[in-house]
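In what follows, every chain begins at residue 1, and chains take the letters A, B, ... in the order their sequences are listed.
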Amino acid sequence: MTDPLPGFEQPAAPPRVDSVFSGRVVRVQPDITGVQRQFDYVVPAAWEDDGRAAKIAVGSLVRVDFHGRRTAGWITDVDVTPDPSLELRALAKWSSVGPPQELIALGDWAAWRWAGRLPHFLRAASPQRMVEEVAPRVEPPIADANPAMDAVFSPGVTHVRTTPNDSGLAVAIEAAVRGSALILVPTLHQRTEFSRALRNQGFDVAGYPEQWARSASGVLTVGTRLGAWAPVPEPASIVVIDEHDRAYKEERTPAWNARDVAIERARRGGVPCVLTSPSPSLEGLETADRRLSPERSVERESWPVVDVVDLRTADRPGLLTDAIVSLVRDSTTVACILNRKGRSRMLACGNCDALATCDACGVAVHQPDDTTLECVSCGTTRPVVCSACGATKFKLIRPGIGRVAEDLRALAKRDVIEVTAETDAADMSGEGLFIGTEALLRRLPNADAVVFLDFDQELAVPRSRAAEDAFSMLALAARRVGPRSQGGRVVIQTRKPDDIVVQAALHGDPKRVAESQRDVRRVFGQPPYGAWAVVSGAGSATFIERLRAVDESASLRLAQLGDRWRIAAESHTELLEIINAVDRPAERLRIDVDPIDL
DNA sequence: CGGACAAGCTGA
DNA sequence: CAGCTTGTCCGG
């Protein structure tokens, strides 16, 4: 250390007298994305006297002096033996109770499994606001478990195929009866529904992440994707409702999947994990130790009447066949689904309705990001400002839907409600004739009939999961309209009436989809019979180059897809052992393990 | 991540 | 070679 220059005052250095420290040393993971290392700090002696030291535990949120600044972090280990050559600093502040030990270990695993960083997962497992202390664990009142459900809650992973009109609530209630459980659902709306239903059954319910502290004291917890990281201590079981749902997959990096986190968490805790779905994912079926399905006749009866309209022999051109028109006239609430994937989308000014066009060539423009409009034809860009009135808000118009809605209005002689992202939920609660994309199915509470105007749109998607996704959409439609005994009706317009997905819905038999997909994917080594990752971004070329160097025996298969790369391996272990060993380039890089859109 | 410091670039 | 940018390293 250099002496201060004469005449200059030395800045106040932190006291380094031994008696100031308690001698206890803890390990801290800083909450900084770029820092994967952990660092040791000592507990200040003063904390022993005022009770703060007693709060030091694995998972605690603290603040520490780190390389000239102060940062938040998590205690990942206590009573560490530090490297004697280091001069340790003291913890600066105890902030909050944090995730329990087992979630920190699970975070380590998730960081490996999705090639991500630990702080990302620790944030998911931490309270949104500081928590002073957690109430002692509450033991839920023990009710009588239903012996008929013993098979569902036996050790390991159980896949329960539900009927389309069974939300999975019965499984969730039974889980609650058997001890403090963790229930995951795909959407916030389902979280509200399940919480309400469980409360009506007399259970105390914590919603994650808002009620972190209650969850931490062992209250039955219901959450969406993030709920996989709820701090319920040693849950008696973990239930994943509608396990096939894409909402369980995080879209941002690291692109983790809550279903898979739940499965691993249950495995580590040695508790049952129950997956439910009316349209199972192959991943869910494959990881399950046992698969339960309803009796064939029960499942069949729970499906609505499915009408298949062959568009090749339709009575009139276009999508509004006679079958549709008469159905729409006779039924009260109908949802018409028309996905216009891959078609050009146009923008119109939210203020004056002028179509946004290119200043150079007059062609319609699209909006690639928040700040630019780009010409599809010549690539000219301009700011998001209307040329006619100067407004800065634009709305998306899907020419397909607008046109069809207009025609439908004329043919059906009734009002048609076009549902977009901006449509108010209140406008969708009553009766009516609705038209919109797949999102309409998620938002409409129920309907007398659902019509897929052009189902080939779904079947023709070039993705390995296309069939499963298309079928899950039909299962969702079936849930909205109810079973055939209640007059539920789903109409599928297609040029491929013999497609396995259409046939499976027609016969109310999801097994057909899974079986056909299983064979295809096995042959080609596609997930879940192999592991995939997609690498994209500016740094991907460098990354792939380095990966080739690490993968000496060339056990990974690489395929370039435009500016992205697909990495395929026999297993996740093989895939991640290599991916995690590659030095990440400085440029932006996105690694998507288990991509859902490939 | 962000500060420290080294190496590289530019213009007088 | 000062003054600036860019790159690399590293933290308790």
Quiz prompt | Phe39(A) CZ - dG2(B) C1' separation (whole Å) | solution = 13 Å
Quiz prompt | Separation of atom CG in Leu88(A) from atom P in dG11(C), rounded to whole Å | solution = 13 Å
Practice problem: Please work out which residues in residues 65-74 of chain A have a non-hydrogen atom less than 4.0 Å from an atom of DNA chain C and list them by number. | Solution: Phe66(A), His67(A), Arg69(A)
Self-check item: Salt bridge flag under 4.0 Å for residues Lys249(A) and Asp594(A)
Solution: no
Quiz item: Distance only, no hydrogens: is a donor on one side chain within 3.5 Å (strictly under) of an acceptor on the other, for Ser126(A) and Trp74(A)?
Solution: yes
Quiz item: Will you find, in the side chains of Ser472(A) and His244(A), an N or O donor that is under 3.5 Å from an N or O acceptor?
Solution: no
Quiz item: If you measure from the Lys or Arg side-chain nitrogens to the Asp or Glu carboxylate oxygens, is any gap between Glu438(A) and Arg442(A) under 4.0 Å?
Solution: no
Quiz item: Can you say whether the rings of Trp229(A) and Trp256(A) are parallel (under 30°), tilted (30 to 60°) or perpendicular (over 60°)?
Solution: perpendicular
Quiz item: Is there a donor-acceptor contact under 3.5 Å linking the side chains of Ser281(A) and Arg259(A)?
Solution: yes
Quiz item: When you measure from every atom of DNA chain B, which of residues 27-36 of chain A have a heavy atom less than 4.0 Å away?
Solution: Ile32(A), Gly34(A), Val35(A)
Quiz item: To the nearest Å, how far apart are Arg37(A) CZ and dC10(C) P?
Solution: 9 Å
Exercise. State, without any angle test, whether Thr253(A) and Arg590(A) hold a side-chain donor-acceptor pair at a distance under 3.5 Å.
Key: yes
Donor-acceptor contacts under 3.5 Å from residues 573-581 of chain A side chains, at least two apart:
residue   : atom : partner   : partner atom : Å
Glu574(A) : OE1  : Glu570(A) : N            : 2.9
Asn580(A) : ND2  : Trp112(A) : O            : 3.1
Asn580(A) : ND2  : Leu576(A) : O            : 3.2

